[in-house]
Amino acid sequence: MSGDHGHGDSQVNSGSKASDSHKHKDKHKDKEHRHKDHRKDKEREKFKHSNSEHKDHSEKKHRDKEKLKHGDGSSDKHREKHKEKDKDKEKRREEKIKSSHVDKPKKEKENGYVRDISPAAIKIEPEEDNGFSHSPQHNKTSKREYHDEEFENKPKKVKTEHDKKAKKRKHEYEEDEEDEDIKPKKKTKDKKVAEGKKSKKEEEEKWKWWEEERYTDGSKWRFLEHKGPVFAPMYEPLPDKVKFYYDGKPMKLSAPAEEVATFFAKMLDHEYTTKDIFRKNFYKDWRKEMTSEEKSKITDLNKCNFSDMSEYFKAQSEARKQMSKEEKQKIKEENERLLQEYGFCIMDNHKERIGNFRIEPPGLFRGRGDHPKMGMLKRRIRPEDIIINCSKDSKHPKPPPGTKWKEVRHDNKVTWLASWTENIQGSIKYIMLNPSSRIKGEKDWQKYETARRLKKCVDRIRNQYREDWKSKEMRIRQRAVALYFIDKLALRAGNEKEEGETADTVGCCSLRVEHIKLYPKMDDQEYVVEFDFLGKDSIRYYNKIPVEKRVFKNLQLFLENKQPEDDLFDRLNTSILNKHLQELMDGLTAKVFRTYNASITLQQQLKELSCSDDSIPAKILSYNRANRAVAILCNHQRAPPKTFEKSMQNLQTKIDEKQNQLSAARKQLKAAKADHKASHDDKSKKAVEVKRKAVQRIEEQLMKLQVQATDREENKQIALGTSKLNYLDPRISVAWCKKWGVPIEKIYNKTQREKFAWAIDMAEKDYEF
DNA sequence: GAACTAACTTAGCAAACATTGA
DNA sequence: TCAATGTTTGCTAAGTTAGTTC
């Protein structure tokens with residue numbers, strides 16, 4: 001790592017950048033922190049960024065402000081954009097995907113696949129195509145041609161590893177013929193057929209896709225069959241006794257207007273129904289649903305009284321809670337039935353769980369943070385809005401009677417089963433598979449392999465960006481400083497966003513001047529940067545960190561002549577950054593740093609914290625601490641649980657009791673000592689010992705409680721789940737469990753074990769990320 | 001190369017469910 | 001047994017990224 005000495009690179013000319021980057025973001029009006037409560041500043045302090053690799057170096061003094069040449073002209077990041085998700089686009093796409101139109105399923109059977117088919121039956125399902133392993137060679141089915149093209153920017157590493165296994169697998173094929181499916185544990189296939197549902201499930205779950213070859217042609221599947229989505233239940237008008245009042249008088253609303261009104265009524269207890277934007281948006285959209293009569297009558301939202309409706313819904317949900325066991329059971333069974341019928345698909349010979357097979361019901365949109373569209377009506381999705389994706393030769397899902405799908409297409413370059421365009425942002429929503437599915441698992445695995453490749457070249461990349469801090473070109477310096485933040489602080493890339501369309505949040509590349517403060521000196525530290533901005537989901541990121549002098553100086557330079565609302569990195573955006581990263585390493589993007597730093601931190605922390613003579617609970621505590629370190633790094637916060645204070649109080653009571661116990665015990669010990677002093681006999685000596693032990697024991701218990709309290713307190717606003725699920729290479733955890741004899745169930749619950757089945761199966765105790 | 005779009009991952013919240021303990 | 005408390009799951013918003021179009 002460079003010693004960072006001065007440098008001479010200064011080419012003058014700085015004046016312009018600010019003016020360059022004039023953009024007006026009228027957003028700043030409310031400086032108010034809509035920030036989630038002042039979370040975690042404390043925690044942050046506690047967990048000083050541990051990335052030892054990049055400890056700040058004290059630089060040799062110096063340098064007057066460098067002035068740099070700007071690499072290029074344009075810097076304005078225009079925000080004006082047109083929304084208009086419209087037919088044109090649709091058309092374009094349609095053409096592109098030469099979608100074959102709604103082919104009526106030839107056989108017109110009423111159920112696409114039968115609920116109780118055994119795996120064996122499933123295998124036969126795609127008629128022309130059974131016994132295929134999902135490797136392309138075996139495929140004879142597909143109606144499309146699959147060219148071996150892309151996919152090749154995929155991690156070599158993955159491939160190798162994969163190939164290794166795949167090869168191994170191949171031998172097995174050779175030896176015992178086909179059986180692309182499960183390594184038969186003990187059952188033969190024929191037996192499977194005979195066996196019941198349960199074992200079928202077991203078998204399905206055990207499918208080790210990770211031992212098979214992957215597609216290399218960019219296709220995601222060869223065969224896909226499903227039943228389509230489940231729609232939201234139709235609106236049921238309110239009973240007549242439930243009234244809506246306008247201006248104090250009861251008023252019967254038309255069904256459409258009433259439905260939208262109920263959405264509002266259901267949210268009445270939420271604070272946001274008091275917010276101006278929410279009310280305004282709601283009111284506007286509500287009016288669209290009203291009859292002209294209603295429109296003319298209802299002219300002021302403030303005169304609307306929804307409380308009767310609100311009470312009704314509360315009573316309903318209360319009644320639901322009070323339902324008898326049988327009734328509850330019935331509902332449960334119905335849900336189970338739906339799940340069985342619609343919750344699975346067949347993809348390439350395997351029955352796979354669908355992640356979200358229910359269409360989102362209509363309601364009022366509530367974005368996160370200060371969202372300009374909060375309160376808008378999220379409209380009901382009908383079959384006519386849905387695009388179905390499945391294979392041509394599958395039994396196509398049937399739309400509900402009397403309706404049609406918008407389109408049925410057969411695109412195996414994508415993983416989704418159905419999609420629709422949502423009306424708030426005009427974005428597309430998808431129905432996709434569950435994380436336990438092959439298609440998601442492979443991708444996940446690959447993600448961690450990419451991060452591991454980064455591990456191998458991260459030093460080089462760090463050296464490179466440190467060099468780039470000295471570049472003559474502004475854009476390069478900005479890129480290098482941004483990358484440093486992304487690496488050191490695990491910031492997100494930070495795409496530009498359309499103003500007024502979403503909450504005002506930023507990531508690294510979109511940081512604005514107002515989001516950082518520079519302190520040449522703060523307490524006993526030099527070159528401190530203070531970050532304060534709203535990130536994804538409007539979660540506040542607040543952090544003060546000392547940076548290397550050169551970074552600091554660069555930041556000062558970037559800030560020159562800029563307004564608070566100007567971009568800090570006016571010569572940079574995520575696209576530029578990612579293109580650069582791609583050059584540094586195949587498959588490298590900004591988010592890989594997050595994955596890499598999260599995983600490597602977990603591994604390091606586990607190494608540091610784990611202790612062989614710890615009890616299992618103590619080990620788990622260590623694990624959670626390591627996990628927490630990552631969550632803090634990634635700024636994964638949560639609202640303190642509603643019951644937090646109370647549960648803390650309870651704990652505190654216990655602690656207090658323990659403390660009383662302790663002081664009582666101490667008194668007794670003291671007394672015993674005095675007694676012994678007086679009598680000097682054996683008996684009193686023993687008594688002293690006994691009391692001493694008691695004190696000790698209580699002290700320990702007290703300490704445990706206090707640790708628990710600390711632990712809980714520390715976790716108050718930190719969410720461990722997100723990192724566990726998305727950033728931490730599960731093999732690290734699996735290996736750790738194996739190494740320290742901790743049952744995997746203590747670390748991963750059932751769902752998580754399903755998602756990480758591949759890791760659980762393949763990682764040994766010596767696995768190194 | 002900016003703008004736009006599709007596809008997919010990441011995220012926190014709250015309802016549902018499970019467990020604990022009075 | 002029931003309420004309190006803790007955990008899991010479902011939901012869907014909000015990101016990132018790559019690809020396409022203009």
Across all chains, not counting sequence neighbours, the side-chain contact (heavy atoms from CB on, under 4.5 Å) partners of A:Ala451 are A:Val592, A:Thr595, A:Tyr596, A:Phe769
With sequence neighbours left out, the residues meeting side-chain contact (heavy atoms from CB on, under 4.5 Å) with A:Lys330 are none
Contacts of A:Ala490 meeting side-chain contact (heavy atoms from CB on, under 4.5 Å) (sequence neighbours excluded), chain-then-number -> A:Arg594, A:Leu633
From CG of A:Asn578 across to C1' of B:dG1 the rounded distance in Å is 16 Å
Against the side chain of A:Arg368, the closest entry in C:dA14, C:dT16, C:dG15 is C:dA14
Practice problem: Look at A:Thr505 and C:dG15 and indicate whether a side-chain polar atom (N or O) is within less than 4.0 Å of OP1 or OP2. | Solution: yes
Sorted by chain and residue number, the side-chain contact (heavy atoms from CB on, under 4.5 Å) partners of A:Ala315 (sequence neighbours excluded) come out as none
5'-most contact on DNA chain C (nearest-nucleotide basis), A:Asn434 vs A:Glu422, goes to A:Asn434
Between A:Phe533 and the options A:Ile539, A:Asp504, A:Val506, the side chain to side chain contact (heavy atoms under 4.5 Å, CB included) test singles out A:Val506
> If you look at every strand shown and take non-hydrogen atoms under 4.0 Å, does A:Gly507 touch a base, only sugar-phosphate, or nothing?
Replying inline: nothing
What one should report as the nearest heavy-atom pair of A:Trp405 and A:Pro229 is CH2-CD, 3.8 Å
Restricting to nitrogen or oxygen on both sides, can you table the protein-nucleotides 8-10 of chain B pairs closer than 3.5 Å?
{"residue": "B:dC8", "atom": "OP1", "partner": "A:Lys220", "partner atom": "NZ", "Å": "3.0"}
{"residue": "B:dC8", "atom": "OP2", "partner": "A:Thr415", "partner atom": "N", "Å": "3.0"}
{"residue": "B:dC8", "atom": "OP2", "partner": "A:Thr415", "partner atom": "OG1", "Å": "3.0"}
{"residue": "B:dT9", "atom": "OP2", "partner": "A:Lys440", "partner atom": "NZ", "Å": "2.5"}
{"residue": "B:dT9", "atom": "O3'", "partner": "A:Lys591", "partner atom": "NZ", "Å": "3.2"}
{"residue": "B:dT10", "atom": "OP1", "partner": "A:Lys591", "partner atom": "NZ", "Å": "3.0"}
{"residue": "B:dT10", "atom": "OP2", "partner": "A:Lys447", "partner atom": "NZ", "Å": "2.8"}
{"residue": "B:dT10", "atom": "O3'", "partner": "A:Tyr727", "partner atom": "OH", "Å": "3.0"}
{"residue": "B:dT10", "atom": "O2", "partner": "A:Lys536", "partner atom": "NZ", "Å": "2.6"}

Between A:Glu336 and A:Lys332, is the closest basic N to carboxylate O distance under 4.0 Å?
-> no
Select base, sugar-phosphate, or nothing to describe what A:Gly535 touches, counting heavy atoms under 4.0 Å on all strands. sugar-phosphate
Problem set entry | Phosphate OP1/OP2 of C:dT17: any A:Lys579 side-chain N/O under 4.0 Å | no
Atom CZ of A:Arg358 and atom C1' of C:dG10 are separated, to the nearest Å, by 9 Å
Please tabulate, one pair per line, each protein N/O and nucleotide N/O from nucleotides 1-7 of chain C that are separated by under 3.5 Å, including the distance.
{"residue": "C:dT5", "atom": "OP1", "partner": "A:Asn650", "partner atom": "ND2", "Å": "2.6"}
{"residue": "C:dT5", "atom": "OP2", "partner": "A:Lys646", "partner atom": "NZ", "Å": "3.4"}
{"residue": "C:dG6", "atom": "OP1", "partner": "A:Arg712", "partner atom": "NH1", "Å": "3.2"}

Taken to the nearest whole Å, CD1/A:Ile431 to P/B:dA6 is 17 Å
_Touch class at under 4.0 angstrom, heavy-atom based, for A:Arg753 against every strand present_ = nothing
| query | Taking NZ, NE, NH1 and NH2 as the nitrogens, is one of them in A:Lys227 or A:Glu341 under 4.0 Å from a carboxylate oxygen of the other? | reply | yes
Whether A:Asn495 contacts C:dT16 is assessed here as follows: a side-chain N or O lying under 4.0 Å from the phosphate OP1 or OP2. Is that the case? yes
Here the distance between atom P of C:dT8 and atom CD of A:Glu754, to the nearest Å, is 13 Å
A:Asn715 CG to B:dG12 C1', in whole Å, measures 15 Å
Taking for A:Ser419 and for A:Lys332 the nucleotide of DNA chain B with the nearest heavy atom, the one nearer the 5' end belongs to A:Ser419
- Query: Contact class for A:Pro361 (heavy atom, under 4.0 Å): base, sugar-phosphate, or nothing?
  - Reply: sugar-phosphate
A:His371 atom NE2 is separated from C:dA13 atom P, nearest whole Å, by 9 Å
Are A:Arg214 and A:Glu442 ion-paired here, with the side-chain N under 4.0 Å from a carboxylate O? no
Tested for ring-ring contact (aromatic ring centres under 6.0 Å, His included) against A:Tyr272, the lone hit among A:Phe365, A:Phe278, A:Phe282, A:Phe264 is A:Phe278
Taken to the nearest whole Å, CD/A:Gln752 to C1'/C:dT8 is 9 Å
Next item on the list: Remember a base hit wins even if backbone is also touched, and classify A:Ala503 as base, sugar-phosphate or nothing at under 4.0 Å, heavy atoms.
Entry: nothing
Separation of B:dA7 atom P from A:Trp420 atom CH2, nearest Å, is 14 Å
